[in-house]
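A short write-up of the structure that comes next.
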Number of protein chains: 2
Amino acid sequence: MNKTEPILVLVVDDEPVALAAHADYVRRMDGFEVAATAGGMGAALAVMNDPAIPRIQLILLDMNLTDGHGLDLLRRIHGLGLVPDVVAITAVQEIQVVRSAIALGITAYLIKPFTFAAFREKLENYQNYHALLTERSVTTQDAIDRALSTLRPSGKLQLPKGMLSETLGTVSDWLRSAPNPASAMEVATGLAISRVTARRYLDHLAETGSAVKAPRHGSPGRPELEYRWLR
Amino acid sequence: MNKTEPILVLVVDDEPVALAAHADYVRRMDGFEVAATAGGMGAALAVMNDPAIPRIQLILLDMNLTDGHGLDLLRRIHGLGLVPDVVAITAVQEIQVVRSAIALGITAYLIKPFTFAAFREKLENYQNYHALLTERSVTTQDAIDRALSTLRPSGKLQLPKGMLSETLGTVSDWLRSAPNPASAMEVATGLAISRVTARRYLDHLAETGSAVKAPRHGSPGRPELEYRWLR
DNA sequence: ACTGTTGCGTTCATATTGGTCGTAAGAAGG
DNA sequence: CCTTCTTACGACCAATATGAACGCAACAGT
């Protein structure tokens, strides 16, 4: 596993205070790097067109810019033949704007004001999505679906019936601190819980995109699924 | 619950057989209506521009059109100021196209060939998403996240009995990155799996058209079949 | 041309694990 | 104190990779 290159980010906001704050949030995240900032539509287009600036992969985009609308900026960028991913960060709550933004390809929509936790969740989701789709050069339906699953919000604000947030935290912590990917049985014995329970929580982590599962081959018998913590 | 108006769909494909088939699939779904069909980029743009045709809300879009690329068509439509939702339906499996399509706002990506069940799942997901975002005129972060989460693919993939999607992905990756065509034995030793398992998955790849197998002659012993990844 | 050798394709039984159903223990509410 | 809902456990059935055994196709030597 080679070291992954950071995701280059362009932050766009016409309010200097918000611009600095968002850029700072990005710098606090591992795997991301602020490649440039822009205070408006013109500046953003200049950055995207500048050959001296390396390829931007993600844009944090405010909708209400002084010299235009964020969605127009996005259309202009698309018109240049560029297809960066975009996280919309705005105070606009009109459904029409939200629908249009989603139709134009934003990967997340963050309504201001927001906490760093909310911000981090969106960017981590994008990070997982990005990792899943850059591994290979050709893909399958299954891989696309899994990548999209990690990208869309998991709605984990409300965890499924039959699960306790405390137990979920315990399992998450154990898996995160595990040096190697672990099977359901290993987690179960390590935490002194039953295999079924461990598997149920591990599966939830896999579905929400916090972990990935892969079969472990080489020994006879049905392959056991090992779970690996992401990030 | 008042009766909801049907979602108007435009189907785009340059193959008349596929075009008719996809349109027929749409007609079999409740809540959807085929507003028009188009056999190419020009025809699709004409439909979108025609004031006599009511507002299209969803496009089933093929990528490989005779007179252009599907992604270009999507950019052109955006350039008209229209923001329809799009489901990509294509045989293209290149990661670059998939990434671009997602960045340009497609709500689902269906790789041909597909079953009606897979098709229905994508459209039903979109239907739920559409219903959630047309209820109100102003929304909240929570409502947006819930709407986006309905667009998450369920991830259930129909595979032949006796096969695991994760293992299939592993074998596909190995074969794809192999410089030369590989035999079942070479794949088995390279992935630390048994020869039988490797051969079963390789055979599946050959049957689905992702790979071809050819006998390798010249050495004593029964000729071994070598598998080569297809673009 | 015939036959032996060689190595792989193929089949089958087996070893383990995954997934699901019913049930018990514990907490919350009346 | 009793009822009810929730969560974890135990045991069953189903599923998947493995290894060995069998058969076949091409090469090589006689």
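Keep in mind that the numbers below use all heavy atoms, side chains included, and drop hydrogens, waters and symmetry copies. Order of the sequence lines fixes the chain letters, A, B, ..., with proteins taken first and strands second; residue numbering starts at 1 for each chain.
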What residues form a side chain to side chain contact (heavy atoms under 4.5 Å, CB included) with [X], not counting sequence neighbours?
X         : result
Leu104(B) : His78(A), Val83(A), Leu71(B), Leu74(B), Arg75(B)
Ile56(B)  : Leu10(B), Ala35(B), Met48(B), Ile53(B), Ile59(B)
Thr170(A) : Leu191(A)

Measuring from atom CD1 of Ile7(A) to atom CG of Leu123(A), what distance do you get when rounded to the nearest 0.5 angstrom?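 Taking CD1 in Ile7(A) and CG in Leu123(A), the distance rounds to 8.0 Å.
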Atom pair distance, as rounded to whole Å: [atom1] in [X] and [atom2] in [N]:
X         : N       : atom1 : atom2 : answer
Leu168(A) : dA8(D)  : CG    : C1'   : 15 Å
Met163(B) : dT18(D) : CE    : C1'   : 16 Å
His204(A) : dT7(D)  : NE2   : C1'   : 15 Å
Arg199(A) : dC9(D)  : CZ    : P     : 14 Å
Asp203(B) : dT16(D) : CG    : P     : 17 Å
Arg216(A) : dT16(D) : CZ    : C1'   : 16 Å

Only counting residues at least two apart or in another chain, list the ones meeting side-chain hydrogen bond (donor to acceptor under 3.5 Å, both in side chains) with Thr167(A).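 Counting only residues at least two positions away or on another chain, Thr167(A) forms no side-chain hydrogen bond (donor to acceptor under 3.5 Å, both in side chains).
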Of all residues at least two apart in sequence or in a different chain, which pass the salt bridge (Lys or Arg N to Asp or Glu O under 4.0 Å) check with Asp85(B)?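 Partners of Asp85(B) under the salt bridge (Lys or Arg N to Asp or Glu O under 4.0 Å) test: Arg99(A).
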With B for base contact, S for sugar-phosphate-only contact and - for none (protein heavy atoms under 4.0 Å), nucleotides 19-26 of chain D reads BB--BBBS
According to salt bridge (charged side-chain N to carboxylate O under 4.0 Å, His left out), does anything in residues 183-198 of chain A pair up with another residue at least two apart or in another chain? List the pairs.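 Of all non-adjacent pairs touching residues 183-198 of chain A, those that pass salt bridge (charged side-chain N to carboxylate O under 4.0 Å, His left out) are Glu186(A)-Arg216(A).
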Below the 4.0 Å mark, does dA17(D) have OP1 or OP2 next to a side-chain nitrogen or oxygen of Thr167(B)?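 Yes.
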Less than 4.0 angstrom between a side-chain N/O of Tyr201(A) and OP1 or OP2 of dT7(D), yes or no?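 Tyr201(A) to dT7(D) OP1/OP2: no side-chain N or O under 4.0 Å.
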When all nucleic acid strands are considered with a 4.0 Å heavy-atom cut-off, which category describes Ser183(B): base, sugar-phosphate, or nothing?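 Nothing: the residue Ser183(B), judged by heavy atoms under 4.0 Å, touches no strand.
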Students often mix this up, so state it plainly: with edges at 30° and 60°, are the rings of Phe119(A) and Phe114(A) parallel, tilted or perpendicular?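 Phe119(A) and Phe114(A): parallel rings.
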When the axes are fitted on five pairs at both termini, how much does the helix from dA1(C)-dT30(D) to dG30(C)-dC1(D) curve, in 10° steps?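 Rounded to the nearest 10 degrees, the bend comes out at 10°.
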For residues 11-24 of chain B, which residue pairs qualify under side chain to side chain donor-acceptor pair (under 3.5 Å), counting only residues two or more places apart or in two chains?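 Of all non-adjacent pairs touching residues 11-24 of chain B, those that pass side chain to side chain donor-acceptor pair (under 3.5 Å) are Asp13(B)-Lys112(B).
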Contacts of His130(B) that satisfy ring-ring contact (aromatic ring centres under 6.0 Å, His included) - sequence neighbours left out: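 Scan of His130(B) (ring-ring contact (aromatic ring centres under 6.0 Å, His included), adjacent residues dropped) gives Tyr126(B).
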Results of ring-ring contact (aromatic ring centres under 6.0 Å, His included) for Phe32(A) - residues two or more places apart only: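 So Phe32(A) forms no ring-ring contact (aromatic ring centres under 6.0 Å, His included) with any residue.
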Between which nucleotides of DNA chain C, 5' to 3', does chain B make heavy-atom contacts below 4.0 Å?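 The footprint of chain B covers dT6(C) to dT11(C).
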